[in-house]
Structures are given as structure tokens and as C-alpha cells.
2 protein chains.
Amino acid sequence: MQSTAAEDYVKAIYHHTEWQPEPITPSQLASRLGLANSTVTEMVKKLAAAGLVRHRPYGAVELTDDGRALAVRQVRRHRVVETWLVERHGYDWDEVHDEAEILEHALSDRLLDSIARSLGDPERDPHGDPIPAADGTVRRPDAVLLADAEVGHAGAVVRISDADPAMLRFLAGAGVALDARLTVLGQKPYSGSIQVRSGSTTIDVGPDVAQAIWLAA
Amino acid sequence: MQSTAAEDYVKAIYHHTEWQPEPITPSQLASRLGLANSTVTEMVKKLAAAGLVRHRPYGAVELTDDGRALAVRQVRRHRVVETWLVERHGYDWDEVHDEAEILEHALSDRLLDSIARSLGDPERDPHGDPIPAADGTVRRPDAVLLADAEVGHAGAVVRISDADPAMLRFLAGAGVALDARLTVLGQKPYSGSIQVRSGSTTIDVGPDVAQAIWLAA
DNA sequence: GGCATGATTTCGGTGTGCCGAAATCACAGC
DNA sequence: GCTGTGATTTCGGCACACCGAAATCATGCC
Ligand SMILES: [Mn+2]
Ligand SMILES: [Mn+2]
Ligand SMILES: [Mn+2]
Ligand SMILES: [Mn+2]
């Protein structure tokens, strides 16, 4: 059991607990992967038999140590590829995900490490997600979700979720990029949106965006 | 019908007629792909239904124009990847084939063309095989198989078959590389081998090698 | 023209990863 | 404690790419 499907499953499970620590349910996993619940149930059973995942019937799904190791490896591959596409091939940060999703399964370890080295062994990808080292080491920066940040909090943008390419294009247009310094000004009453200052301009960001941006703590 | 399997089938068919023009039989195709004859019969039927291949029962298999176009595209991808691995990632010419065999199915056209451009749009791969242009144009150099070359013939090595990695290592050790100038000295009686001069040294090459090296005409 | 032979095709079957519909379960609210 | 509800699992089935064994065919030789 080391198919590209298995790689995507463990990566999705890992991803779910990377920035907030709650185990993932089968239906969450199914919707993240775009698959039917029944498909996920069956595959989870196989992953459990292969020792990559722990799962008691009707419960959540958690990675074993082996599963986590495979996931970390896969996350490294994905993010190295995304970084390479942006740095060396002129892709925008909203264009890299789909290509990386395929390529991550097709590169040998040797080639992937060679690409990483040629990029100077970067520690984060174009969206600020940490790139695990070849030995599996992960360093995650201290960060606060913009939605959870207190009024007055100021800090550099450390990570932006790459889940929605359209949002990434919007943010790039609004001047919000990695390392941009943001200050939380406050809530707009009844609007559900947060006012943020970026340089000399003020932006209103809705709840979706506030759930996608992480600031240095 | 545009699966990685289909891509490999049309590539194998194309390959067979690239340097000598005889149509390929199902069993030749099977042995080249490492598959059972029955598997190939079935797949050829599907390829024919998809318009990539012409085939009457019990006959040979030929590419249609569509099939040829797909094959040329695939050959380009394979050879660009091989070149990239050698030029940019320190692979030896006997190490690139397997990695390219997988990667060729995983790169988008955009990324492949970007890689090709970064290499200066090379016209041949590490083994001297011509790399088709993005528009499908192919230029094959005038060449003679060493086995067919007349005594006294002298010319640069233009192509070496990459089918046998061990042979490639042997040849590299013997100083036979792309563009090396060889002179055919003659046959060794009863040995089945051909004497060749490379620079100041003389080499005896057996029939396998003589079938693998092409000299400028 | 008949026949042996090897190539080719047909046939039944496998493993993987997926699906929708039906059955089952956990749990929250009463 | 019962029950309704939504989540989860089970079940039957499909597409793809593959296999070995059995049947069929084309051909070349007598
Ligand atoms: Mn991504
Ligand atoms: Mn993937
Ligand atoms: Mn291939
Ligand atoms: Mn080659």
C-alpha cells in the first residue's frame, strides 16, 4: 500500500491537523478529497490494515507514526514542487497547486532532493506553509489566525491558505502577500468583517479571508 | 482514451519505426512493453476504437495521424526530461530512462515547455535521439548503423540506443560518447565483432553494440 | 490442397479505486 | 429509556489495465 491514492489520503489527514489540532472525520476527508463517503470508508479500512492510520468504526481517523512519516514526505514533495514552479518557471502562487498535486507522486526522492537543493532548500512554500526537511523535521512558525487576532495586533503575514485560488488572486491584487505587515484595526459592526491596515491602506476582510491568513504571533 | 497506458503504447509503436521502417507486430509490442500478448491485443483494440492506431485482426499495428501526433508529443516529453536530468541534475546517461518514463506522464505542457526553454530548446537527448519541437516537427540526422557501415567509414557518433543501461556504462568507460569520432577498421574473422578506432585506441565491438551505435553518414 | 506451427485472439478472472443506494449505527433531545 | 437524524458502513456494481489458458487463425511446407 503505497499508491498515489494512499499518498493523497494521508496528506489530506495530515493537512487537516496541521494548523488546528482536531482529528478528521470520514466525511470531512471525503469532501476534502472530492470523493464519496463510501469510497473513503473503504480506503480508510485499507490504510488501517497497512498500518498508516488508526480508526475504530464510526470514529475519526488518525495517522500512525508510519502514516505521519509518509504524509510529511508527501507534504515536502508538494511544497518543494510549488516553490520550484513559482521560483523557476514563472507560475503565480494561485496556479501551482494542481500541477503539484500530480507531480508530487511522480518524482523520485533523488530528483526531488536535487530540485530542493537547487532552490537552496527552502523552508516555506509560496503560501508560507513550512516545507519539511528530507529527514522529516518540520518547523512551524508561531502564528495567529487573523480571525482570532486581537484588535491592535500587528505582525507579518506568515501563511495564507492556498485552498481558494480566486482568493489568492484577490489578495495579491490588494497587496497582501507573504511578509506583508498587517495591523488589526477592529471589527466593523454587524458586517462580520475585520478592518486591517496594510501599509497606508485599509482593507475590510470578510470571515473567509480572516480564516485564511495567519500573522506572526 | 488518453491514459498513461495509451501514451506508452503509441510511444512504443512510434519508437519501433523511428530508425528502421517496419510495422510492429502485437507480440513485439508486448515484449517491448513487458506485457502479455493478450493484454496488448485488447489494448490495441481500444486504441483502434479511439482512432490512434490501425489494425486488422492478425496483422501489424500502425499509427494513425492522431496516434503519431500523440506519440511525437510523448517522445518529446520523454527526451526533454532525460536531457534535463543529465544537464541539470547530475544524472548519468544510463540513469535517466526510468525516471523519464514516469515523469513524461505527469508534466503539463506548460511546465514541459518551460523546462525545454530553460535548456535552450535542445534538439537531441543524451543518447542522440532527436527531440521533436513543440509543434511536432522532427529532424532526424543522416546516420548509418555501425553494423552496416563499410570498412573505412569514419564519422561522429550521432546516436546510441538507450535500451541497455549496462552497455551505456561500458561505452562511456571505453570513451565512446556522443560526437566521438569513430573509424571502422574491419571485421575480426570468425569473432562476429567489428574493429573500430576511437582516437588513438582500437576497440572490438560485438554485434549487440554494432546494432546500437549510429554514425554520421 | 492439407496440415503443423507459432502468432494472435478470446475468454474468464484479478486488483485497485471509485460510485450510489440501502442498511446500520451513535447520539442528542425528549 | 426511546427515537429521530445524520453520519458511517455495507453492498452490488463499474472502469481500467492487466494475466494465463484455451481457442482460433495465417502461413509456409509438403
Ligand atoms: Mn498546494
Ligand atoms: Mn496528489
Ligand atoms: Mn511512460
Ligand atoms: Mn533517450
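Convention: sequence-line order gives letters A, B, ...; per-chain numbering from 1.
- The NE2 atom of B:His105 sits 12 Å away from the P atom of D:dA17 (whole-angstrom rounding).
- To the nearest angstrom, C1' of C:dT16 lies 13 Å from CG of A:Leu47.
- Closest contact between the side chain of B:Ala5 and the listed nucleotides D:dC18, D:dT9, D:dC19 involves D:dC18.
- The side chain of B:Tyr9 contributes an N or O atom lying less than 4.0 Å from OP1 or OP2 of D:dC18.
- Using a 4.0 Å heavy-atom criterion, one finds that B:Ser27 contacts the sugar-phosphate atoms exclusively.
- Interface remark: the A:Thr39 side chain does not form any donor-acceptor pair with the C:dG17 base, using a distance-only criterion of under 3.5 Å.
- Side-chain contact, A:Glu62 with A:His55: no donor N or O sits under 3.5 Å from an acceptor N or O.
- Summarising the geometry, the separation between NE2 on B:His55 and C1' on D:dC25 is reported as 12 Å, rounded to the nearest angstrom.
- Looking at the side chain of B:Ala36, the nearest of the listed nucleotides D:dG20, D:dC18, D:dT9 is D:dG20.
- In this model, the phosphate group of C:dG6 is not approached by any side-chain N or O of B:Tyr58 to a distance below 4.0 Å at OP1 or OP2.
- In this structure, the nucleotide among D:dG12, C:dT16, D:dC19 sitting nearest to the side chain of A:Glu42 is D:dG12.
- Counted by atom type alone, A:Glu7 and A:Thr4 present zero donor-acceptor pairs between their side chains at under 3.5 Å.
- You'll find the side chain of B:His105 stays beyond 4.5 Å of the side chain of B:Arg77, heavy atoms only.
- Two rings, from A:His127 and A:His97, have their centers 6.0 Å or more apart.
- Atom CG of A:Leu33 and atom P of C:dC18 are 8 Å apart (whole Å).
- Distance A:Lys46 NZ to C:dG15 P: 11 Å, rounded to the nearest Å.
- DNA chain C is contacted by both A:Ser3 and A:Pro57; A:Ser3 maps to the nucleotide lying nearer its 5′ end (nearest heavy atom per residue).
- Between A:Asn37 atom CG and C:dC18 atom P there is a gap of 13 Å when expressed in whole angstrom units.
- Distance, B:Leu29 CG to C:dT8 C1': 13 Å, rounded to whole Å.
- In the set D:dT9, D:dA21, D:dA17, D:dA21 carries the atom at the smallest distance from any side-chain atom of B:Ser38.
- For the salt bridge (Lys or Arg N to Asp or Glu O under 4.0 Å) test with B:Glu123, the passing option among B:Arg76, B:Arg79, B:Arg139 is B:Arg139; the others fail.
- Remark: C1' of D:dA26 and CZ of B:Arg56 are 11 Å apart, rounded to the nearest angstrom.
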